[in-house]
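Throughout, a chain's letter reflects where its sequence line sits, starting with A, and its residues are numbered from 1.
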Protein chains: 2
Amino acid sequence: MASPSTAARVSARRYRAASPPATRFDKRLSEILTHATDVFCKKGYEGASMRDLSRASGMSLAGLYYYFESKERLLFLIQKHTFTTIVQRLKSRLQGISDPEQRIRIFILNHLEYFLANQAGMKVLSHEAEALKNGFASEVAAIKREYYRICVGLLDDLKRDRGLQFSTRIAVLSLFGMMNWIYTWHNPKVDADAEQIAREMGDVFLRGVMNGTRTRRDVR
Amino acid sequence: MASPSTAARVSARRYRAASPPATRFDKRLSEILTHATDVFCKKGYEGASMRDLSRASGMSLAGLYYYFESKERLLFLIQKHTFTTIVQRLKSRLQGISDPEQRIRIFILNHLEYFLANQAGMKVLSHEAEALKNGFASEVAAIKREYYRICVGLLDDLKRDRGLQFSTRIAVLSLFGMMNWIYTWHNPKVDADAEQIAREMGDVFLRGVMNGTRTRRDVR
DNA sequence: CTCTAATTCGAACGTTCGTTCGAACTCAGT
DNA sequence: ACTGAGTTCGAACGAACGTTCGAATTAGAG
């Protein structure tokens, strides 16, 4: 209980921090996280056993526990790192852009680009959202809420700027649905790249949310 | 191995058929399916144990195996029944409607209404789509493909009717994303009913897919 | 090379998993 | 009341689960 668990806790805190340090421990941990992400992606969190993770990362079963104290914490580290990264990138990409429509297009592009470049991680994030409990769950939920609120802000800005009327909540959640569902169907050999899909989804969503208030609702 | 497994196989075939017969066996089975659906919804397929299902349905662990031969087959029965029902309802609702826009609105309304009325079943269908293997998986996949193709047909009709240009595949999958994502956020105490959400999502989607070809893509 | 701390591992822990089996019970038809 | 099929269950199976522990190995500073 003494030294390993302490070391693991310290590094876990370091994991998302500045990259420079990158001790041997940190490198090995992030390798394990990468392999674990693939396994969770393929078999699901509950469906993946610690022995699966051991096989995938080429380390003994017991050896894994030197790097994290439980399977649940491992999932937590994956989700937190993935989510933190996508939020970070979004913020930096939004800097200096002021046109509301353009900002939403950047939001969509950032989300889809990261999603397709890190499909496994994003699938684990979307699909295993309910797998964590209590403390772990709430920490990830906080990041999710921040991300959600950013999107709400972008849409409210557009509404104000263009004088539009629609339910922000439904719009935001519809947009997330469009984008996140991609993990169920995207096939790199058939489908276009992130940029083009972002353009097409952006077209549909933005046109859908702008332009007057209603389509013709004839017939009955 | 003799009589029980035969009986179970026979009734499973009967499960989705005409309602009139409804033997004692069939009634009990569908009660079990209902409870199992709730448990799978809450804990996930892998996360739910047969002992959980036994507790939820008020039947002994061994007793369950009189009604189906494996946990996987139980999930299959749930998915097949849910999917078959929603396709059936859609077909009957589409009869007699010829306006392409109206037909798409019916598709959306049917999907969301059934989704919210059978949240547990639809979540198990959406969220556990990859849990089945081989024969079970392909049978459900066939229904899914049929449902998908119906939606593609509706959109292609709209395109032809209105002379529009967009990627049907991306549009259909975006629409499914918008709709299916609902299981992650819908809260009956906060959110509107299916009819209103269907109207709002229909507005966004249809407006997005109609109206010329492009939004103004100014700025760079 | 030496010594210490960091890292890895084989073996085993107690628990829970999905499934099986034969005995017991319930019920409809006689 | 008797019978046979339909239904339920307690008990147990071997396998797999997440986790632990102490010993063995390795790496880096002196």
Side-chain angles (χ1 to χ4, degrees), chain A residues 1-12 14 21-33 35-36 39-40 43-77 128 131-133 136, chain B residues 1-12 14 21-33 35-36 39-40 43-77 128 131-133 136:
Chain A
M1 191 213 277
S3 123
S5 115
T6 306
R9 206 172 301 123
V10 165
S11 154
R14 232 183 246 163
T23 67
R24 186 155 81 98
F25 180 96
D26 291 313
K27 268 188 201 155
R28 196 82 178 91
L29 172 58
S30 85
E31 280 174 30
I32 294 174
L33 286 180
H35 290 120
V39 177
F40 283 155
K43 318 185 81 164
Y45 172 71
E46 299 277 3
S49 72
M50 289 300 295
R51 283 155 185 88
D52 291 330
L53 303 178
S54 152
R55 215 171 298 120
S57 56
M59 172 170 280
S60 74
L61 184 56
L64 292 176
Y65 282 87
Y66 179 69
Y67 289 93
F68 46 87
E69 51 216 77
S70 70
K71 188 188 175 192
E72 192 186 6
R73 177 161 180 97
L74 175 59
L75 175 62
F76 167 75
L77 291 177
E128 309 294 349
L132 295 176
K133 323 197 144 182
F136 288 148
Chain B
M1 191 212 278
S3 123
S5 114
T6 306
R9 207 172 300 123
V10 166
S11 153
R14 232 184 245 160
T23 66
R24 184 154 83 100
F25 181 96
D26 290 312
K27 269 189 201 155
R28 197 83 177 90
L29 173 58
S30 85
E31 280 174 30
I32 294 174
L33 287 179
H35 290 120
V39 176
F40 283 155
K43 317 185 84 165
Y45 172 70
E46 300 277 3
S49 72
M50 290 298 296
R51 284 156 185 86
D52 291 330
L53 303 177
S54 152
R55 216 172 298 118
S57 56
M59 172 171 280
S60 74
L61 184 55
L64 292 176
Y65 282 87
Y66 178 69
Y67 289 93
F68 46 86
E69 51 215 83
S70 71
K71 189 187 174 191
E72 193 186 6
R73 179 164 179 94
L74 174 59
L75 175 62
F76 168 75
L77 291 176
E128 308 294 349
L132 295 177
K133 322 197 145 181
F136 288 147

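Going from atom CZ of F25(A) over to atom P of dT8(C) covers 9 Å, rounded to whole Å. Whole-Å rounding puts the R55(B) CZ to dT16(C) C1' distance at 12 Å. At whole-Å resolution of the value, NZ in K71(B) and C1' in dC17(C) are 8 Å apart. Between D26(B) atom CG and dT7(D) atom C1' there is a gap of 14 Å when expressed in whole angstrom units. The distance between atom NZ of K27(A) and atom P of dT7(C), rounded to the nearest whole Å, is 13 Å. Computed from coordinates, the K43(A) NZ to dG18(D) P distance equals 11 Å when rounded to whole Å. Across the protein-nucleic acid pair, D52(A) atom CG and dT19(D) atom P stand 14 Å apart, rounded to whole Å. Rounded to whole Å, atom P of dC17(D) lies 14 Å from atom OH of Y45(A).
Within the structure, every side-chain polar atom (N or O) of S49(A) is placed at least 4.0 Å from both OP1 and OP2 of dA16(D).
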Evaluate the side chain to side chain contact (heavy atoms under 4.5 Å, CB included) criterion for residues E46(B) and E128(B): first the C-alpha distance (whole Å), next the side-chain angles of each, then the deciding distance (0.1 Å), finally the verdict. CA-CA 9 Å; E46(B) 300 277 3; E128(B) 308 294 349; 5.7 Å; no

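A cation-pi contact, defined as under 6.0 Å to the ring centre and within 45° of the axis, links K71(A) to Y45(A).
Side-chain contact between H35(B) and V39(B) is absent, with no heavy atoms from C-beta onward closer than 4.5 Å. Under the 4.5 Å side-chain criterion, counting only non-hydrogen atoms from C-beta, M59(B) is not in contact with Y66(B).
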Polar atom pairs between nucleotides 8-14 of chain D and protein, under 3.5 Å, N or O only, would you list them?
residue	atom	partner	partner atom	Å
dT8(D)	OP2	Y67(B)	OH	2.5
dC9(D)	OP2	S60(B)	N	2.8
dC9(D)	OP2	S60(B)	OG	3.4

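At least one donor-acceptor pair under 3.5 Å links the side chain of S57(A) to the backbone N or O of L53(A).
Here the two rings, on F25(A) and Y67(A), have centers that are under 6.0 Å apart.
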